[in-house]
Amino acid sequence: MRRIFISDLLKEKITITGPDAHHLAHVMRSRVGDHIVVADDEGKVGEYVMTAFTDDSVSLELVGYLAENTESPVEIILAQCLPKGDKLEFITQKATELGVNSIIPLTSDNCVVRYDEKKARAKQEKWQKIANEAGKQCGRCLLPKVEPITTLKDWLKKMADADVSLCMCYENEEQIGIKAFMAQQDRQNFAVVIGPEGGFSLDEVAYAKALGIPSVSLGTRILRAETAAIAAVTIIQYEAGDLGGRI
Ligand code: SAM
C-alpha cells in the first residue's frame, strides 16, 4: 500500500493538497476506493481510503489505525562531513532505510565541496526530499530530519555535553574499535561522525579529543566515506537497535 507522510496529526477525515496530492492522483494514478497508509508527525500510522480527488486535492477517510511501528528503539544521529558529488544523497537514502533519525551535513577542514547560503539551502531541501522518498519506500513511521549544514567543530562543541553516546569514526584510531565502544554504552541514543574523503585533520581529531569525544576504529581497512557511514549506522543498529531482526 502506498504511504504518505503528513505534517499534521491523523484524524477521521484528511484532505491532502500540494505535491503529495498531485503525486497520488496523477503520478500513482490512485483512484477513489484505493487504500493508502498515512503516517503523521508523531509516528502514528493509519490506513485510509480515498473518497474523492480534484486537480490539487485528495480526500481520505480513516479505515483504521495501524499498530505497526517500524521505528528502531534507538535514536541515531548521523553527522557526515560533506563528501564530493552526490555521495551524500546515497548516504541519506541508505541511512534512512537503516533507521537514522537525523542527518547533520558538516563542513570540515578537508571537505572539498563548499556551498554558498543559497546552494546549501537547496542541497538541504534535496537531501530531505531523498530522505522522505526513502522513508516512504522502506515504510518508516517517522521521517528522518536533514538539518542545515553546519561546521564540524560547532556541532562537536554543541554535542559534547549532550546526553548521547557520541563517537567519531577515525581511520587512524588504533586503541578502540566501534564494537568495544558500543559494549560500553547503556544509552538508547547515539551520534556518529564520519569524515569526508580527505578524512579528519589532526586539528579536528585533537579538538574532538579535548571535548572528550571518543574516536573509534571501523577496522584496519580505509573505507570510503559512504561505506563508513553505512557500516557505522548498521553496527549501532545491530548492536543496540533492531537490525538483528524483528524482536
Ligand atoms: N583520508 C583518509 C585516509 O586516506 O587515510 C581516509 C578518509 S575515509 C575515506 C573517510 C572517513 O570514513 C574517515 O574520515 C572516517 O570517518 C571513516 N573511516 C574510513 N575508514 C575508517 C576506519 N577504518 N575506521 C574508522 N573510520 C573510518
Side-chain angles (χ1 to χ4, degrees), residues 74-115 123 127 130-131 144 146-160 162 164-185 187 189-241 243:
V74 298
E75 183 179 336
I76 303 178
I77 298 170
L78 171 62
Q80 175 66 54
C81 296
L82 294 178
K84 287 183 269 190
D86 58 2
K87 287 180 190 168
L88 193 57
E89 295 166 27
F90 176 77
I91 293 168
T92 300
Q93 186 187 64
K94 300 312 165 197
T96 299
E97 292 169 50
L98 288 166
V100 297
N101 302 85
S102 61
I103 295 167
I104 323 286
L106 300 173
T107 54
S108 65
D109 291 350
N110 293 336
C111 279
V112 173
V113 289
R114 293 271 181 241
Y115 300 126
K123 279 287 186 182
W127 296 324
I130 286 169
V146 178
E147 298 295 346
I149 298 175
T150 185
T151 70
L152 171 66
K153 285 188 175 176
D154 285 352
W155 189 78
L156 288 175
K157 197 164 162 204
K158 187 183 94 173
M159 292 299 285
V164 63
S165 286
L166 168 59
C167 68
M168 178 189 238
C169 289
Y170 179 41
E171 58 277 19
N172 299 325
E173 170 57 43
E174 293 179 351
Q175 301 304 316
I176 182 166
I178 192 166
K179 186 179 179 80
F181 169 78
M182 287 301 292
Q184 297 162 359
Q185 307 310 312
R187 289 192 183 90
N189 56 330
F190 295 84
V192 60
V193 193
I194 305 290
E197 290 89 349
F200 294 111
S201 66
L202 291 176
D203 175 52
E204 289 167 339
V205 175
Y207 186 84
K209 196 174 169 92
L211 288 172
I213 295 167
S215 59
V216 299
S217 168
L218 292 172
T220 55
R221 291 174 295 284
I222 298 292
L223 310 177
R224 289 177 186 271
E226 59 274 31
T227 313
I230 293 167
V233 170
T234 301
I235 290 164
I236 294 171
Q237 204 59 289
Y238 179 78
E239 291 289 349
L243 212 58

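When a ligand or atom number is given, it counts from 1 through the structure's own listing order.
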Look at [atom] and say which protein heavy atom is nearest, naming residue and atom and giving the distance to 0.1 Å.
| atom | result |
| --- | --- |
| atom 24 (N) of ligand 1 | L218 N, 2.7 Å |
| atom 12 (O) of ligand 1 | A228 CB, 3.4 Å |
| atom 2 (C) of ligand 1 | E171 OE2, 3.4 Å |
| atom 9 (C) of ligand 1 | L223 O, 3.1 Å |
| atom 11 (C) of ligand 1 | G195 O, 3.6 Å |
| atom 10 (C) of ligand 1 | P196 O, 3.1 Å |

May I ask you to check whether over 12 heavy atoms, not counting those of [X], lie within 6.0 Å of atom [atom1]?
| X | atom1 | value |
| --- | --- | --- |
| R224 | CZ | no |
| Q175 | CD | no |
| R221 | CZ | no |

I need the atoms of ligand 1 closer than 4.0 Å to a non-hydrogen atom of [X], numbered in the order shown.
| X | answer |
| --- | --- |
| G198 | 1 (N) |
| I222 | 5 (O), 6 (C), 20 (N) |
| G199 | 1 (N), 7 (C), 14 (O) |
| I194 | 12 (O), 16 (O) |

Is a donor on one side and an acceptor on the other found under 3.5 Å between the side chain of [X] and the backbone of [Y]?
| X | Y | value |
| --- | --- | --- |
| N189 | E75 | no |
| Q80 | I91 | no |
| N101 | I76 | yes |

Legend entry - side chain to side chain contact (heavy atoms under 4.5 Å, CB included) between V100 and I77, worked out: CA-CA 6 Å; V100 297; I77 298 170; over 6 Å; no
Legend entry - Nearest non-hydrogen partners of F200 and C169, listed with the distance: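 In this case the closest contact between F200 and C169 is CE1-O, 3.1 Å.
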Legend entry - Considering all heavy atoms, the nearest Y170-S215 contact: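 In terms of heavy atoms, the two residues are closest at CB-CB, 3.7 Å.
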Inset, instruction - Tell me, please: is V216 in heavy-atom contact with ligand 1, that is, under 4.0 Å? - result: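 Under 4.0 Å: yes for V216.
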Legend entry - Min heavy-atom dist C81 to ligand 1 below 4.0 Å: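 So C81 does not count as touching ligand 1.
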Legend entry - Qualifying residue for side-chain contact (heavy atoms from CB on, under 4.5 Å) with F190, from E239, M182, Q237: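 Only match with F190 under side-chain contact (heavy atoms from CB on, under 4.5 Å): M182.
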How does [X] reach ligand 1, if at all, at less than 4.0 Å between non-hydrogen atoms: by side chain, backbone, both, or neither?
| X | answer |
| --- | --- |
| R221 | backbone |
| E173 | neither |
| A229 | neither |
| C169 | both |

Taking distance alone, with N or O pairs closer than 3.5 Å, would you say [X] contacts ligand 1?
| X | answer |
| --- | --- |
| A225 | no |
| G219 | yes |
| E197 | yes |

Legend entry - Reported NZ-to-CD1 distance for the pair K157 and I213, which is rounded to 0.5 angstrom: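 Rounded to the nearest 0.5 Å, the NZ-CD1 separation comes out at 12.0 Å.
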Inset, instruction - Flag the pair E226 and K94 as a salt bridge only when some basic side-chain nitrogen lies within less than 4.0 angstrom of an acidic carboxylate oxygen. - result: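 No.
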